[in-house]
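Sequence lines set the chain letters: A, B, ... in the order given, protein chains first and strands last, and positions in each chain run from 1. Just so it is clear, the values below take in all heavy atoms, side chains as well, and ignore hydrogens, waters and symmetry mates.
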2 protein chains.
Amino acid sequence: METVEHDKRKCPTHLSTEECSKTLLPVKDALDILSGKWKLQIILSLTFGKKRFKQIQREIPGLTPKMLSKELKELEINELASRHVYDTSPVTVEYELTPYGKTLKPLIGELHKWGTKHRKRIIARK
Amino acid sequence: METVEHDKRKCPTHLSTEECSKTLLPVKDALDILSGKWKLQIILSLTFGKKRFKQIQREIPGLTPKMLSKELKELEINELASRHVYDTSPVTVEYELTPYGKTLKPLIGELHKWGTKHRKRIIARK
DNA sequence: TATACCACTTTCCTAAAGTATACCGCTTTC
DNA sequence: GAAAGCGGTATACTTTAGGAAAGTGGTATA
């Protein structure tokens, strides 16, 4: 088939589709964890220590229990946060960042660094 | 009101709501630019040089012209990519990353770094 | 006995993101 | 003169993210 030569002529990229997705997959994995409206706020809240469910909710305005519950489960599945249940009168539940969760800090730092410059730029242009 | 003392007892966080959103806003700005299904793939595609519309579309499987058009416009608005129209027979249009767009590289690098470790971890756990 | 707190879950809903398909005007190639 | 490539737009649809409100089971408090 001539489509093969054709593609070679029209797509002079040195990245094959496989190489490209190989580069992108980890980036997507990282974004899956950080994107969304609440995940980062929750992670940030937990960087300051153990927190209880209602305590996190109180700290983040607008966060509903449904969302908090969902996000915490995802953080748990990804082993970024851990859940500790204490056998008290009505159960006490505490959440905390795992050591692994703390490895996100440099990444969040980069996001913050770039975001800050970008924000300045946007404001300056207006 | 006693609710004030109450809140003080229950929320011993040293971050006020304003401080917190001050930290988060730039991070959100950065994520706005990077999250979504196609933005990063397009940026990555452009890190290897100028590209034409159809060329980008061919390189990224599943990307529809509507989405590509929308995303490129957003990249342009944010001054991360530039559009060059050449006055040829049927117009030729080229897109390229601006120098500013290239400042995203370290950030994407961090995403990639963390994402790679995370991916290994997930696979190891399964 | 009524009210309130804790840690959630359930149901229903809307808005935004993304997909599918067709089309436009223009030009070169078959 | 039909088909195909270019750089898109238009329309209609589905899917996903997220929100609002109520409820659950247990306990403690007034």
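- Side-chain proximity of A:T64 to D:dG8, C:dA20, D:dG19: nearest is D:dG19.
- The residue A:G62 sits apart from the nucleic acid: no heavy atom pair falls under 4.0 Å.
- Side-chain contact between A:S69 and A:F53: present, with at least one pair of heavy atoms (C-beta onward) separated by less than 4.5 Å.
- Here B:K37 reaches the OP1 or OP2 of C:dT19: one of its side-chain N or O atoms lies under 4.0 Å away.
- Side-chain contact check for B:S82 and B:H84: at least one donor-acceptor pair (N or O, by modelled atom type) lies under 3.5 Å.
- In terms of phosphate contacts, A:R52 brings a side-chain nitrogen or oxygen within less than 4.0 Å of OP1 or OP2 of C:dA7.
- Contact annotation: A:R58 side-chain N/O to C:dC6 OP1/OP2 distance is under 4.0 Å.
- Regarding contacts with the backbone of C:dT9, a side-chain N or O of A:S69 is found under 4.0 angstrom from either OP1 or OP2.
- You'll find that the side chain of A:W38 is closest to D:dG18, out of C:dC8, D:dG18, D:dG8.
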* **Verdict with supporting geometry, B:R121 and A:E79, salt bridge (Lys or Arg N to Asp or Glu O under 4.0 Å)** => CA-CA 10 Å; B:R121 198 184 161 88; A:E79 299 182 45; 3.0 Å; yes

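- Using a 4.0 Å heavy-atom distance criterion, A:Y86 is classed as making no nucleic acid contact.
- Among the nucleotides D:dG19, D:dA10, C:dC6, the one closest to the side chain of B:K66 is D:dA10.
- At a threshold of 4.0 angstrom between heavy atoms, the contacts of A:K73 are confined to the sugar-phosphate backbone, with no base atom among them.
- The hydrophobic cluster containing B:V27 does not contain B:L25, counting ILVMFWY residues as joined when their side-chain heavy atoms lie under 4.5 angstrom apart, directly or transitively.
- Minimum atom distance to the side chain of A:P65 is reached by C:dC8, of the listed C:dC8, C:dT27, D:dG7.
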